[in-house]
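One structure is given here, and the rest of the page talks about it.
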Number of protein chains: 2
Amino acid sequence: MTTARHTRQREVIAAVLQQAEGPLSAPELLARAQVALPTLGTATVYRTLKLLQQQGEAHAVKLDGEPLYESSGRGHHHHFSCNVCGRVYSLHSCPVALPSGTVYPGGFVVEGHEVTLYGRCPQCAEAR
Amino acid sequence: MTTARHTRQREVIAAVLQQAEGPLSAPELLARAQVALPTLGTATVYRTLKLLQQQGEAHAVKLDGEPLYESSGRGHHHHFSCNVCGRVYSLHSCPVALPSGTVYPGGFVVEGHEVTLYGRCPQCAEAR
DNA sequence: ATAAATGCAAAAGATTTGCTGAAAG
DNA sequence: CTTTCAGCAAATCTTTTGCATTTAT
């Protein structure tokens, strides 16, 4: 395996992700990181994002158009995606109890989970 | 509201989705539908897919690269995504109990849900 | 008739890849 | 030193959009 080197760009990208108020798209992440590192390139962001995900330090949330990335180790939360208007909301209660380390039948070691509920958001449920 | 018209292409697209052995990517869906309807265009597939999703007849599974689409009304199942090798597996037990129609705090009407577990698949868990 | 849907091609995006120079260990 | 990493630009690929024509109702 390759030893991951410590570079300024990886440091900055990870920091931006941790300080973000919510999940960011790759382009957004790039823009924010460029404030500190103007020459940062697109490819580096994607390559770093892939690395961080493999290390479990970040993960992608894919609901709508582009995937959004968020730092792991942030409050546990899930999403609600409206089937009608397409908007995505954050939910604060979690409908599953799967502590990290749980081993699923077959030998799947669970490190995390993501739940998305689909349906009608308050506005769209009303406007029928 | 607009009245959705019944067309041959929508019929074919829905049929392909229902007969598929698993979730399909948009390009795959297009290819299969073109067997029955050679002139079918890309745009129509995407437009129809969007429509079907709004009607709750289909939904997208977004785990890896491109989203995959599957017909609703198929056996309830979820996915396990390996943080290491990236492979995706199907799970047959469901860790949540959220019947359609459940109303979440805030007025969110649940029509469906999707759960993805992340971690190490049997192979990758072993090869440490 | 009228409005909605299709097909095609062009456009728009996001993500990936190849290659050369920079830099971490 | 040696190998990984960054930056840039070009290439890919999926999804969207504009527009003229066809088609369902």
Side-chain angles (χ1 to χ4, degrees), chain A residues 1-17 20 23-55 57-70 81 83 85-88, chain B residues 1-17 20 23-55 57-70 81 85-86 88:
Chain A
M1 192 76 265
T2 53
T3 325
R5 292 183 180 175
H6 181 254
T7 67
R8 175 131 181 67
Q9 15 284 89
R10 286 184 183 169
E11 190 183 305
V12 171
I13 290 172
V16 168
L17 220 47
L24 302 176
S25 67
E28 279 168 1
L29 173 53
L30 172 64
R32 298 195 187 191
Q34 282 183 329
V35 173
L37 212 65
T39 62
L40 182 65
T42 314
T44 300
V45 169
Y46 284 104
R47 287 190 277 234
T48 302
L49 237 17
K50 186 172 290 181
L51 179 69
L52 290 175
Q53 286 175 264
Q54 288 186 329
Q55 297 178 331
E57 295 187 36
H59 64 273
V61 180
K62 301 180 183 180
L63 297 179
D64 261 343
E66 348 99 88
L68 304 179
Y69 303 89
E70 60 186 3
S81 175
N83 284 330
C85 67
R87 243 169 306 190
V88 176
Chain B
M1 191 76 264
T2 52
T3 324
R5 290 181 182 175
H6 181 256
T7 67
R8 176 131 180 69
Q9 17 282 91
R10 287 183 183 170
E11 190 183 302
V12 171
I13 291 172
V16 169
L17 221 45
L24 302 177
S25 67
E28 279 168 0
L29 173 53
L30 172 64
R32 298 194 187 191
Q34 282 183 329
V35 173
L37 212 66
T39 62
L40 182 64
T42 313
T44 300
V45 170
Y46 284 103
R47 287 189 279 234
T48 301
L49 236 19
K50 186 172 290 180
L51 180 69
L52 290 175
Q53 285 176 264
Q54 288 186 329
Q55 296 177 332
E57 296 187 35
H59 65 274
V61 180
K62 301 180 182 180
L63 296 180
D64 261 344
E66 349 97 270
L68 304 178
Y69 302 88
E70 60 186 2
S81 174
C85 67
V88 176

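In what follows, chains are A, B, ... by sequence order, proteins preceding strands, each numbered from 1.
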Would you kindly give the [atom1]-to-[atom2] distance between [X] and [N], to the nearest whole Å?
X       : N     : atom1 : atom2 : value
B:Lys50 : C:dA4 : NZ    : P     : 17 Å
A:His6  : D:dT3 : NE2   : C1'   : 18 Å
A:Leu37 : D:dC8 : CG    : P     : 10 Å

Euclidean distance, [Y] [atom2] relative to [X] [atom1], rounded to 0.5 Å:
X       : Y       : atom1 : atom2 : value
B:Lys50 : B:Tyr69 : NZ    : OH    : 9.0 Å
B:Ile13 : B:Thr7  : CD1   : OG1   : 7.5 Å
A:Leu37 : A:Thr39 : CG    : OG1   : 5.0 Å

Base, sugar-phosphate, or nothing for B:Arg47, non-hydrogen atoms under 4.0 angstrom?
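It contacts base atoms.
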Candidate nucleotides [options], ranked by approach to the side chain of [X] - the nearest:
X       : options               : result
A:Arg10 : D:dA9, D:dA6, C:dT6   : D:dA6
B:Glu66 : D:dT14, D:dA24, C:dG7 : D:dT14
A:Leu40 : D:dT17, D:dT15, D:dG7 : D:dG7

Discussion item. Please find the pair of heavy atoms, one from A:Pro23 and one from A:Leu68, that lie closest to each other, and give the distance.
Written reply: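 Residues A:Pro23 and A:Leu68, closest heavy atoms: CB-CB, 3.7 Å.
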Residue pair B:Tyr46/A:Gln9 against DNA chain D: nearer the 5' end by closest nucleotide is A:Gln9
Here the residues of residues 23-31 of chain B within 4.0 Å heavy-atom distance, strictly under, of DNA chain C are none
Is a donor-acceptor pair below 3.5 Å formed from side chain B:Arg5 to base D:dT25, judging by atom type as modelled?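 There is none.
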Query raised in the report: Quick one: does A:Glu57's side chain have a donor or acceptor within less than 3.5 Å of a partner on A:Leu52's backbone?
Result: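 Looks like no, no N/O pair under 3.5 Å.
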